[in-house]
Each structure stands twice: as structure tokens, then as C-alpha cells.
Amino acid sequence: MNDTVEIAVDVRDAIKRYGDFTALQKISLGIRDNEFFTLLGPSGCGKTTLLRMIAGFEDVTEGGIYLFGDEIKTLPPHKRPVNTVFQNYALFPHMTVLENVGFGLEMKGSSRKDAAKRAGEMLDLVQLSQFAKRKPAQLSGGQQQRVALARALAPSPKVLLLDEPLSALDLKLRKAMQIELKHIQRETGITFIFVTHDQEEALTMSDRIAVMSAGELQQLGAPRDIYEHPRNMFVADFIGDTNLLEVSVDKITDGRAQCHIGGGHELICDAVDGVSVGASVHLSVRPERLVLSDQASDGNSLKGTVTENIYIGTDISTMLDLEGGPKITVRTSNTERGNKRLIEPGSPAFVNMEAGAARLLVD
Amino acid sequence: MAGGAASGGSAASDTYKEARHWLLMPSWLVLGFFVFAPVCVMVIYSFLTKEFRGGVIWEPTLAAYDQFFFDRGLFGDSDPTLQWTYIEIFWRSIWQAGLATIMSLLIGFPTAYFIATRPDGTRALWVFLITIPYWVNLLIRTVSMKFLLRDEGPMNDALLNIGLIGEPLQIINTNLAVQLGLFYSYLPFMVLPIYASIERYNFTMSEAAADLYATKFTTLRRIVLPAVKPGVIAGCILVFVPSLGAFLAPDLLGGAKNFMIGSLIEEQFKGNAGNWPFGAAASMILLSMVLVLLLIFAQQQRRAGAAT
Ligand SMILES: Nc1ncnc2c1ncn2[C@@H]1O[C@H](COP(=O)(O)OP(=O)(O)O)[C@@H](O)[C@H]1O
Ligand SMILES: [Mg+2]
């Protein structure tokens, strides 16, 4: 990691147990100052638990949590300079929108007047000024969500924690809010730690993503890094669509691995550490990195039969049975295909791929 | 929030409105027989002339109310002056009931909070434990209390033995004894409604407050209390109102000089010394006072609700 970037939140070997059940197993990650950081993983993998440990609502069973170098695991929540946007918003029903947003400032010692002024500015930021006098119950879900955001941002926390804040919104609103959140994060320069189980949301918004599964960190990296170089089966499978093929490695030369898949198809791809000759591992290749053709190419080329074409708006997804058994999916964008005819189901076809498209996985 | 609930209620279709009259019949019958009719009887009796061996003579008079408020001398022929005896009894009752209510609130709120924050499945047990003493008749409980508080009672004995006090505390036959008695008589009426509203409270709001730098105490004051206010108010009413008219605790624990409205009214209907119209009038005055208090309170609630 680069020495010049400051680490905002440093989680070191953190373990969380509920009785016999271990919710988090020795998680270590450094979240950089000013970054949009996402915790991504399926439901129940421990994202909320980790976030609540940073906020101070859950004890850390073992390990430590540091905020800009200071150990915070023994500080009560009201003494930690982090704020949270709760999944169900947790707005105070008896207070107006303005009072809700000003609450944190007031608690930090601002006068009521100053708190109201700053709260007004925050409401401007989330475009809710005209609703300042309303009670939360008189707002739509999307508006409540923005109030929760304004309330958490108002005291200018060093780190903002967001637990699936968009999950209750409908698709269109969610997309709009994704952009708005990203925008606000850039504008305020506050470190965001965002929790989601939606990989597409994570890829769109984040500077870096931590992929979690069953209480363990699977991979940490930039969206592109994670998408293109998944470290293991779980990550490859969880992020985006992919073809997972069983392969045997025959030979490794000059960083290239020569292998074959079921049906005897030969393939060449980049070797990775931890995969040696004779190993039986998996190979991941994204459908959009494959090219469908009626002719074989010079490089990797797999012969098969088209079974189905599925139209999905911008793309066509074509499924094939390769000779000797394995199935594979190819995704072709409609612009790229141009006027070329689709290859009809039942017709033979070649699936061509460049060597860098496929990735061997250490399970 | 109040607005939302009201608009939800008005959405009933015509079919439901028609059926409503019939479905509400049982409630109207109960209210009529057990509330409206007895109150009418009381109103009427309070304006009748007293019969010396109890009962009434059917001759309308204001004598009962006159006796309550005015003093006309021993033979009833002096100029009327304001009569303080009964007003003082009323005042003392309000004071005693008020202190008992505050005591119940101070003990009842933490108790309710404690129960409501126990893990799922164990809460019912705690509620059950709270109610156990109340399976015993109120009279027996009050008498036991008298024995506990006596100068030679176990409480004083214990305090003397551990050397905390040099001589017995004189509690029995004091105002404090009455307050303790009332407190003990009606504590569950405070605990249960508060418990119900704390159980409904969404504790994520407390987390949100802590997250926004509020201390535990501020969270309690600014977030929890406003949210559970209806339960607190219900509890206070449920303790204050019966305490105001109670007669067992004042009689048994307070002695002669700590007389309360309940005992005054009770005496008017007991034995030959009674005066039914006067008892009815005193009850009416008590009832009106409680009603006025409740109306003021309801008015304030409505105003607070309308301000949203
Ligand atoms: N208070 C708790 N007691 C016991 N187990 C819990 C508790 N909170 C969470 N868990 C368990 O910890 C795991 C992780 O939960 P959580 O962090 O909420 O997951 P996520 O937010 O990723 O969906 C889950 O298996 C959940 O059942
Ligand atoms: Mg969660």
C-alpha cells in the first residue's frame, strides 16, 4: 500500500463471535481517507456486523479498530467521529426534518440556531429544503433516505457508514441515488464505507471493494481489478456473470499455462501463482470477452453447437454446448454484431478467446 | 402521525358504516349500563334530601353541595363562610395521589425498561412475576404492609439490627405510609402500559442518537421519552385516578389524621352515620375534577398533535 495515502479506518485481525458462532473471522483491511469503500457480499456474510463494530454498536471480540491511527474499539458510539446512515433510516418521528438533521450538531455543542442553519444547508445539498418543517412520516421513502443522509453528514464526520441505504428504493430511484451519493462523496471528501449485497451497485460506485463471504474477506481491490482478476471461485462467481470451466494444467512456460477442458479442448491462458502443472482447477472467462464466429481463430478456439440466443436489450447472450460436454455462454453487444446474422440454434459455431481473457482460479 | 391515522380511519366503505351500528351495540350497552346509568343515579342522589338512617328522601335540594363548600354554624343559622374541611381533604388526596404517582413512575419506568429490554421469550416471565403479588386481595396486601412498616415490624427491626438507625422510624400513620401503600397498590398499572410502549419502541433510534453524539441520558430524554410518552401518561392516569379515591391504604396506614376523599365518601354510605346525598355530591365533585384534568390533558395532546 502507498505510504502517502492516509488510512482512515484500519481493521486489524478483527474477530467477532456471537456465542459459539463466529460472524467475522480475522478480518484485516485498511480503508483510505477520502475513498468510497464498499463492503460487498451475500446476505449474512457479516457486512453489517463489521460496520456496527466500526460505529461502536458491537464489541470487537478480538483484534483492533483504528481511526486515523487511534484505537477506538473501547470508545462508546457517541464519542466516535463517525456517523451512520441506517438501513431503515431510524429518523426521529417526533422531530421535524430540520430538527432531525440538526440533532447531531446540537449534540456536538452547536447552538440551536447554528444547528438549524447548518441543517438547512445540508437539506439544500440533498434537495429537500422545501420539506424542512415536515415530520419524517410525511415523506416518501426516497426523501426519508435523503434526510437520513443529510442527518449523518451534518456533523461533518470523518467517516460515513452506510448500511444498504438504497435497498428499499425502486430501481430507478436507486440508480439516481447511486450517482447522487457518489457525487456527494466527491464534493464533501468524506470517507464513505458503503455496505451492499448488489455487485452492480458496488462496481458502479466504489473506489475500492472488499468482497466478503461467510465472515471472511475474499478479495480487496478496485472494481476493475476485482471484475477482471477475481482471486477465487467465489469472487468470480459473485461478481458479474462468468463461465466457470474445470481445467487441467498440462504445461507452464514463460508465464503461460497450457491446459485442457472437458472434451479435450486445448486452451492457453496466463499462469497464476499457486497453480502448478497437473493441477485440476477452475477457469473463469467473462461472456463478453468471448467472440462467437463461424470460423476458428488462430488462438484459443472452441467448437460447439448453439443451443439458444437470448435477447437482453443492448446485448445478445448465446449459449453453446461445446463438443464433449461443457457448456459456455457468449455475450455479444448488438453494436459490435452490426448487421451480421445471428447463428441459429442447432448450428455449429466457434468460440474464440484471447489468452488474457480467461483466468485460472485458486479455489 | 396523528393525521395519518385519522385519514386511515375515514377510508371505511359504506358497507362497513352500515354494519358499524350493530357491531358497536355491545359497547353501547356496556357503557350505558355500567357508566352512564350509575353516573345518572349519583347525580340525582346528590340533589336529594338525606334520610337519617341512610337512604334518601325524594325532595330536591342543594344541601349536599352546600354542606361541602359552606359552613353555616352548628345550628345552620349563621352567615355562610367557606368550609375548608372537605376542600382540605380533597387537596390532601390530590397531593398524596400525586406523590404516589411520582413514586410509581420513578420505580415503574426503570422496571418497565428493564423488562422490555430482556431477550425475546423471557419478557413474558418478567411481566408474570410483576403481577404475582397482585393475585392477593388488596386488603390483605395493605394489612401486611401495615405489619411490615410498624415500629416493631421487620423493616425497623432489620434497620436497627444493622445499626443504620438508633430508634424505630415512625412511618406508620404518616403521609409517607399512605403514599407507600398507594404506590404498592397500583404499581403494575404504571409498569404495564409503559412496558407495552417501550416494547414497541424501535431501539435503532437510540443507536442513531448515540451515533449522533447523544449521551445515554440525552437519548433517554430527547428520543426515548417522547416516543413512549403515551404509555407514561396512561400509566400516570391509571395510578393517579384510583389513588385519589382509594380508602384502604389511607384508612389502614394513614391513621385518623391522614383521611382522604375515598374514606370520606365511604363513611357516607356506611352504617347509620351516613349521608347518601353528601357522599354522592363528594363523588360528583371528585369525578368532575378528574374529568377536567383528563380534558385539559386531552386538549394538550390534540394541540401537540395538530402542531405537526
Ligand atoms: N446479535 C446477533 N446474535 C447472533 N448472531 C448474529 C447477531 N447479529 C448477527 N448475527 C449473525 O451474524 C452473521 C452476519 O450478520 P450480518 O452482519 O447482519 O450480515 P449481513 O449484513 O452481511 O447480511 C449472520 O449469520 C447473523 O445471523
Ligand atoms: Mg446487513
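So that the names make sense, note that chain A is the first sequence line, chain B the second, and so on, each numbered from 1. All figures in this text were calculated on a predicted structure; none of them were measured in a lab.
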Requested in this report: Tell me whether the guanidinium CZ or amine NZ of B:R118 lies under 6.0 angstrom from the six-membered ring centre of B:F114 and within 45° of its axis.
Outcome: yes
Query raised in the report: Do A:E201 and A:R174 sit within salt-bridge range, that is, some charged N less than 4.0 Å from a carboxylate O?
Result: yes
Requested in this report: Start with the C-alpha gap between A:E62 and A:R17, add the side-chain angles, then the distance that decides, and say whether salt bridge (Lys or Arg N to Asp or Glu O under 4.0 Å) holds.
Outcome: CA-CA 9 Å; A:E62 271 176 47; A:R17 289 194 201 95; 3.4 Å; yes
Report task. Identify whether NZ of Lys or CZ of Arg in A:K133 sits under 6.0 Å from the centre of the six-membered ring of A:F131 and within 45° of that ring's axis. Result -> no
Query - Residue selection (most heavy-atom pairs with chain B, distance under 4.5 Å) from A:L91, A:N83, A:N88, A:V85 - result: A:N83
Query raised in the report: Is chain B contacted by the side chain of A:R134, its backbone, both, or neither, given a heavy-atom distance below 4.5 Å?
Result: neither
Donor-acceptor pairs under 3.5 Å, side chain of residues 70-77 of chain A to any protein atom, not counting sequence neighbours: which ones?
| residue | atom | partner | partner atom | Å |
| --- | --- | --- | --- | --- |
| A:E71 | OE1 | A:I65 | N | 3.4 |
| A:E71 | OE1 | A:K73 | N | 3.1 |
| A:K73 | NZ | A:G63 | O | 2.8 |

**Report entry** Salt-bridge present (A:R208, A:E35; N to O < 4.0 Å)
**Finding:** yes
**Report entry** Near-ring test B:W135/B:F128, centroid separation under 6.0 angstrom
**Finding:** yes
Requested in this report: Could you go through the salt bridge (Lys or Arg N to Asp or Glu O under 4.0 Å) check for A:K182 and A:D207 one step at a time?
Outcome: CA-CA 10 Å; A:K182 181 83 197 165; A:D207 293 324; 3.3 Å; yes
Requested in this report: Flag this pair as yes if the NZ/CZ of A:R151 is under 6.0 angstrom from the six-membered ring centre of A:F92 and inside a 45 degree cone about the axis; otherwise no.
Outcome: yes
Query - residues 177-204 of chain B: residues contacting chain A (heavy atom under 4.5 Å, by number) - result: B:N202, B:T204
Query raised in the report: Hey, would you say the A:F37 and A:F194 ring centroids sit under 6.0 Å apart?
Result: no
Requested in this report: Report the C-alpha distance between A:D124 and A:S129 in whole Å, list the side-chain angles of each, state the deciding distance to 0.1 Å, and finish with yes or no for side-chain hydrogen bond (donor to acceptor under 3.5 Å, both in side chains).
Outcome: CA-CA 5 Å; A:D124 281 342; A:S129 315; 2.3 Å; yes
Requested in this report: Under 4.5 Å heavy-atom distance to chain B, tell me which part of A:F86 shows up: side chain, backbone, both or neither.
Outcome: side chain
Query raised in the report: So, are B:R123 and B:D120 salt-bridged, with charged N and O less than 4.0 Å apart?
Result: yes
Query raised in the report: Do A:R118 and A:S156 have a side chain donor and acceptor closer than 3.5 Å?
Result: yes
Query raised in the report: So what's closer than 4.5 Å to chain B heavy atoms on A:E106: side chain, backbone, both or neither?
Result: side chain
Query raised in the report: So do A:L169 and A:M177 actually touch side chain to side chain, heavy atoms under 4.5 Å?
Result: yes
Query raised in the report: More than 12 non-hydrogen atoms from neighbouring residues, nucleotides or ligands closer than 6.0 Å to CZ on B:F217, yes or no?
Result: no
Query raised in the report: Under 4.5 Å, heavy atom to heavy atom, which residues of residues 24-33 of chain B contact chain A?
Result: none
Report summary line: Within residues 218-237 of chain B, contacts to chain A at heavy-atom distances under 4.5 Å involve B:T218, B:R222, B:I223, B:P226
